[in-house]
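One structure below.
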Protein chains: 2
Amino acid sequence: MERSPLAPAAFPDLPPVEGVTLRVARARYKEWDRCDLTYAELAEGTAVAGVFTRNVCCSTEVEMGRESAAGGKARALVVNAGNSNAFTGYRGREAVEQIRAQVSAHLGCAADEIFVSSTGVIGVPLPLDKARAGIEAALTAQPCGWEAAAQTIGTTDTFAKGASATAMVGGRKVTLSGIIKGSGMIAPDMATMLGYIFTDAAIEPALLQQMLGAANRRSFSCITVDGDTSTSDTVLLFATGKAGNAPLVRMDDAGADAFQAALDDVCTQLAHLVVRDGEGAQKFIEIEVTGAVSDESARRIGLSIANSPLVKTAIAGEDANWGRVVMAVGKAGEPADRDRLAIRFADKWVAQSGLAVDSYDEAPVAEHLKGRDIRIGVDLGLGDGQATVWTCDLTHGYISINADYRS
Amino acid sequence: MERSPLAPAAFPDLPPVEGVTLRVARARYKEWDRCDLTYAELAEGTAVAGVFTRNVCCSTEVEMGRESAAGGKARALVVNAGNSNAFTGYRGREAVEQIRAQVSAHLGCAADEIFVSSTGVIGVPLPLDKARAGIEAALTAQPCGWEAAAQTIGTTDTFAKGASATAMVGGRKVTLSGIIKGSGMIAPDMATMLGYIFTDAAIEPALLQQMLGAANRRSFSCITVDGDTSTSDTVLLFATGKAGNAPLVRMDDAGADAFQAALDDVCTQLAHLVVRDGEGAQKFIEIEVTGAVSDESARRIGLSIANSPLVKTAIAGEDANWGRVVMAVGKAGEPADRDRLAIRFADKWVAQSGLAVDSYDEAPVAEHLKGRDIRIGVDLGLGDGQATVWTCDLTHGYISINADYRS
């Protein structure tokens, strides 16, 4: 698959995180010549938080990960690529239990401190022998860097994705480095967004969960490629505590704000990278909604626009079709008043007070739409609620990837 | 635009409805050589019921139509094609008021007994002079048949759409004939489904509204092309009373059941025709959901499947990708249990109890998927709720129509 035209020039230079050791191996879940098993060993005392798909047909990995994350402790992460192990019933569960038993025996920890994710084809139980041999190879492999790990968790991604940030917490510099995979879905693979963020900050699990939840609402929950939700989507945040700061316990502890800002930054960067690898994407679209009755209402309206096939095809066609934006606002099921609605492309208002603007000059809008990064603004004129969401255009490439194919 | 490959061979032979006179004229709302104004005159005493888009950014026509339908009386219908008059503020309202004034003066009735619909480009107020001249031409035109009217209300439709049924009500044969337009949306036109059903039955307005609401829930509310909802969608049902039956007042009146069944039939036929003209459609897809906790829950799950780009592209690719169906069930936000879920294509079960069936033979499924009419079944194993929804596949044709275009 060709590298997305929206990809950054290169994988960024991510700093290491003390207490995190990465290794990759070949489990050969598919007939391919690449590493497909990622193993991250985490220092004792590592705290964990997680957000997971709300798809009720979720995978065993998600079910068990959700339970384990509630425990707040982590010692290792295993990511299988090439087989999602989803919709495989008790046989899928056996595979996850085997992996957790094998790794926890190696580390001498509880099985529920081992986090497992799988991504790839669905309906085929993860083969126990391949998983066992892959783990064994990973446990003794040389440690690797972020880019190798980011490549190994990927399936149909056209580029490896990573982001980092730092913050000062209690006089100590703490580091956050994260990797993510996801690009929509490709037949017959079940698409999945899997994101892992590692930090050396010391943060209590309950606060870590609260912070990840907040960052998630402003980042991963604000992106969409096709509105379809994987059965395996997972974001985990691991905090090893090796930076030596006094552990953060509450949001009003000194430095918590700074950490939250850095976490928001990393999550937003990672979320954007997923959109930039959207299937068939030729344009990155930012939709800013203001004047809604609440932030949540603004987010829903933004996603209604971002998920509209008619809006997404209009952008693909470089067509300033603001009528489709009106339609998508109106169908969101959220408060809106047609006669207060205003719409802009970049900074150029095209409609205000429920009418096309009199002086509308299409030339600068048409010029903006020819670019790679498109900005749409919607003001509802009702209140202070606002949100920004991100998506990509809907192109022939999406159809080719998802339809011009027989499993 | 080429005729849809899913279109019926010919326009059906629709019986006339006593008390309804159809005429068409050229208002020249666009630079085209075709009739674009449809006028239906209705006998005195005609009752009316309507269902309208829930899009909160709806057109003036929808707002005024909703108010008028509440009055229960109708004398005429005017449909403008080529300009939707949506998102045009007070100037759009002026146009509708002018049309109602002109026609009501001609008929000597109240303005709110005139129903107006418009479909086509948005954001451009309907030109008052063209509307006036068009109406004038229509009032004196020769009466025409159903097919001419069905063609005239169409915009981007690739074929004219009509359906009829009869029922015995109180010893009298009553006739229902209906026409509809809609095929998704085409830039820069705002897509719109406009449907009009005429009957000579005598039915009180309140019951007529109840019956249309019930039929709508089982037909128009169960179809989707792209999940986008027009700002102008309208279905009106006119009952002239000329069949001479004793007027139906309540659902338990003799013959009401028969009329409801005939109305359901006509609405379902018309709804299917819209899907069969879906933009770029190559396959007609029926999704039957059973075992849900309620009928409404089943409908929502069905529409989640029907709106999933990944399901629709899989069908376009003739790929029995049941994992995407699982995903779409799970994201619907409705009760579902992964381990009770069963999925079939045509009559062939591919997954049961949350697992691929052991004996799964893909050959008959692959054969079924090569056809034009695709059937997907989902059983949730939870309750008695059921629903059937209809959609079409998502193809390069959809992208071509909606993106390969600059306004």
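Lettering of chains follows the sequences in order, A, B, ..., and the numbering in each one begins at 1. These numbers come from the heavy atoms of this one structure, side chains and all, not from hydrogens, waters or symmetry mates. Fair warning: this is a prediction, and the values are worked out from it, not measured in the lab.
- Taking the six-membered ring for Trp and thresholds of 30 and 60 degrees, B:His396 and A:His396 have nearly parallel ring planes, at less than 30 degrees apart.
- By the salt bridge (charged side-chain N to carboxylate O under 4.0 Å, His left out) test, A:Arg299 is found to be paired with A:Glu296, residues two or more places apart in sequence or in another chain being considered.
- B:Phe87 places a side-chain heavy atom less than 4.5 Å from the side chain of A:Leu341.
- Under the 3.5 Å distance criterion, the side-chain polar atoms of A:Asn55 are matched with a main-chain donor or acceptor of B:Met327.
- For B:Ala351, the part lying under 4.5 angstrom from a heavy atom of chain A is the side chain only.
- Residue-environment remark: CZ (A:Arg54) stays at or below the threshold of 12 foreign heavy atoms within 6.0 Å.
- For A:Arg340, the salt bridge (charged side-chain N to carboxylate O under 4.0 Å, His left out) partners two or more places apart in sequence, or in a different chain, are A:Asp337.
- In terms of heavy-atom pairs under 4.5 angstrom with chain B, the leader among A:Arg338, A:Lys312, A:Arg91 is A:Arg338.
- Closest approach of A:Glu334 to B:Val56, counting heavy atoms only: O-CG2, 4.2 Å.
- For B:Thr395, the part lying near chain A is the backbone, with the side chain staying farther off; criterion is any non-hydrogen pair under 4.5 Å.
- Heavy-atom pairs under 4.5 Å with chain A peak, among B:Ala356, B:Gly123, B:Ser353, B:Ser308, at B:Ser308.
- Checking side-chain atoms of B:Asn402 against main-chain N and O of A:Leu310 turns up no donor-acceptor pair under 3.5 Å.
- The structure places CG of A:Asp339 at 12.0 Å from OH of B:Tyr90, a figure rounded to the nearest 0.5 Å.
- The CD1 atom of A:Ile399 sits 6.5 Å away from the OG1 atom of B:Thr313 when rounded to the nearest 0.5 Å.
- Neither the backbone nor the side chain of A:Ser304 comes within less than 4.5 Å of any heavy atom in chain B.
- One distance of note links CG of A:Asn307 with CG of B:Asn307; it measures 10.5 Å at 0.5 Å rounding.
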